[in-house]
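Remarks on the structure that follows.
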Amino acid sequence: MSHIVMFGVNAVSHTLPSLEILRELVARGHRVRVVNDPEQRELVEETGAELVPCRSSLPKGAWPEDPIGAMRLFLEDAVQGLEQVREGLDAEPADLYLGDIGGFGGRVLAEVHDRPFIQLSPTYVAWEGYAEEVGAQVAALPGAEAYWSDFGAWLVREGATTTDPEVFAGVPPRALALVPTAMQPNADRVDTSRITFVGPCHGARADQGSWQRPEGAEVVVLVSLGSSYTDQPEFYRECLAAFGGREGWHLVLQVGRRIDLDVLGEVPAGVEVHRWVPQLAILRESDLFVTHAGMGGSGEGLLTATPMIAVPQDVDQFANADSLVGLGVARRLDTAEATAPALAAAGDELLGDPAVADRLADLARQARDEGGTLRAADLIEAELG
């Protein structure tokens, strides 16, 4: 039995993608521990892994609009997080360390303890030329020089062997990309000697519940803006007007925990409204997915061959939405454009185009062929020697 430690990030969108890998590693007999905030305890411990509690400093509300400000928040969270767990993990080092893209402490300890490190990336990864094409733009932003200086000083203090912060935060020595290759920009320029695409890593997710298509439902539509962008009552009303009450249509509307359900007004027949849903189970039965185009949801849409209306809200979702459109399996509507007529028209176009279904079937096959959870676990065990 090997001892594996994963450094996570206190965000559901970062925690979910790797859970099935952790579950599989536990099932294979490894001791798996996860450094994360106690808010993630239920998700982590349901896999059989142990939580190493580490209070996060990441904000609950609005994030800085400038990229350097957001990058600094992740760095500060890693700095104070490693301080909380360093003594215990120095006393009982892991045989292998895993880390989210923001789990910098995992790579630091791997280098200090001379152990293998693998990044589990829940989004796309850097490609050859990324530093020149994107990194140079970041370096020119106000505050970038101070940020990289502080990052480098921390690496030196902690005893990391990679002390150039831009190298440390760039392409790791080994990474598994938990996304379909189809969603990766410049996939032909990714260093596959270091990065392996294993696609979305899903299991049965029986703990999240099941869902079955209602009798007589000819078209099932799922609307979900994930876990962080759910305070959108006007958008939900537009979705109700677009898809609710249509004969033969069934709408599942996930609205999160922030809104008052009364603001939705009258809910037509054939509509389910929930705070939270077993998304993957519903997508397996769905004909149309209205999504914010987070990487997790985008991957699930491709894996289940579900046409998508992308309504991006923040960060990488705009690029993801454009990628889905470029793949020929989605329509993009920004929030202000997502009126009932526009949503209905986009849905009808997607469902009425046989080329969309053909393209989705091909992309779903490609995503499955990347290997998912079992391949990811095999590759991690290979690094254990």
Side-chain angles (χ1 to χ4, degrees), residues 13 16-17 121-130 133-134 175-190 192 195-202 219-226 229 243 279-280 282-335 337-338 342-372 375:
S13 59
L16 287 176
S121 178
T123 186
Y124 50 75
V125 295
W127 53 88
E128 296 294 333
Y130 181 91
E133 297 165 21
V134 180
L176 304 181
L178 314 184
V179 299
T181 307
M183 292 297 294
Q184 169 68 39
N186 302 304
D188 59 328
R189 287 196 276 151
V190 171
T192 54
I195 300 169
T196 303
F197 286 87
V198 297
C201 294
H202 297 141
V219 177
V220 171
V221 183
L222 171 63
V223 175
S224 171
L225 297 181
Y229 307 95
F243 307 116
Q279 180 165 292
L280 190 58
I282 297 174
L283 281 176
R284 290 180 178 127
E285 299 281 344
S286 293
D287 303 286
L288 182 66
F289 183 24
V290 182
T291 172
H292 65 305
M295 186 59 80
S298 299
E300 290 178 1
L302 292 180
L303 194 65
T304 58
T306 310
M308 287 168 271
I309 300 176
V311 188
Q313 302 295 305
D314 201 4
V315 290
D316 64 343
Q317 296 155 24
F318 300 98
N320 292 343
D322 289 341
S323 294
L324 292 170
V325 172
L327 290 170
V329 298
R331 300 288 185 272
R332 172 177 166 173
L333 294 173
D334 290 343
T335 304
E337 303 168 341
L343 287 163
D348 290 341
E349 288 175 13
L350 287 165
L351 294 174
D353 186 349
V356 171
D358 291 343
R359 183 65 179 140
L360 277 165
D362 185 47
L363 290 167
R365 178 190 55 75
Q366 292 178 31
R368 289 192 300 271
D369 288 349
E370 286 171 342
R375 187 179 181 208

Problem set entry | Residues forming a side chain to side chain contact (heavy atoms under 4.5 Å, CB included) with Ala338, sequence neighbours excluded | Phe235, Val311, Leu333, Leu343
Problem set entry | Partner residues of Asp353 under the salt bridge (Lys or Arg N to Asp or Glu O under 4.0 Å) criterion, sequence neighbours left out | none
Problem set entry | For Glu349, all residues meeting side chain to side chain donor-acceptor pair (under 3.5 Å), sequence neighbours excluded | Arg331
Exercise. Is the count of non-hydrogen atoms from other residues, nucleotides or ligands lying under 6.0 Å from Tyr130 atom OH greater than 12?
Worked result: no
Exercise. So do Leu288 and Leu222 actually touch side chain to side chain, heavy atoms under 4.5 Å?
Worked result: no
Problem set entry | Listed partners of Ala187 passing side chain to side chain contact (heavy atoms under 4.5 Å, CB included), at least two apart | Thr181, Gln184
Exercise. Can you say whether the rings of Trp127 and Tyr124 are parallel (under 30°), tilted (30 to 60°) or perpendicular (over 60°)?
Worked result: tilted
Exercise. Tell me, which pairs form a salt bridge (Lys or Arg N to Asp or Glu O under 4.0 Å) where one or both residues lie in residues 358-368, sequence neighbours left out?
Worked result: Arg359-Asp362, Asp362-Arg365, Arg365-Asp369
For this session: Please examine the side chains of Phe197 and Met183, heavy atoms only from C-beta on, and report whether any two atoms are closer than 4.5 Å.
Result: no
Exercise. Looking at side-chain heavy atoms only, is the closest gap between Leu178 and Val198 below 4.5 Å?
Worked result: yes
For this session: Identify, with sequence neighbours excluded, every residue that meets side chain to side chain donor-acceptor pair (under 3.5 Å) alongside Asn186.
Result: Arg189
Exercise. So do the side chains of Asn320 and Pro312 get within less than 4.5 Å of each other, counting heavy atoms only?
Worked result: no
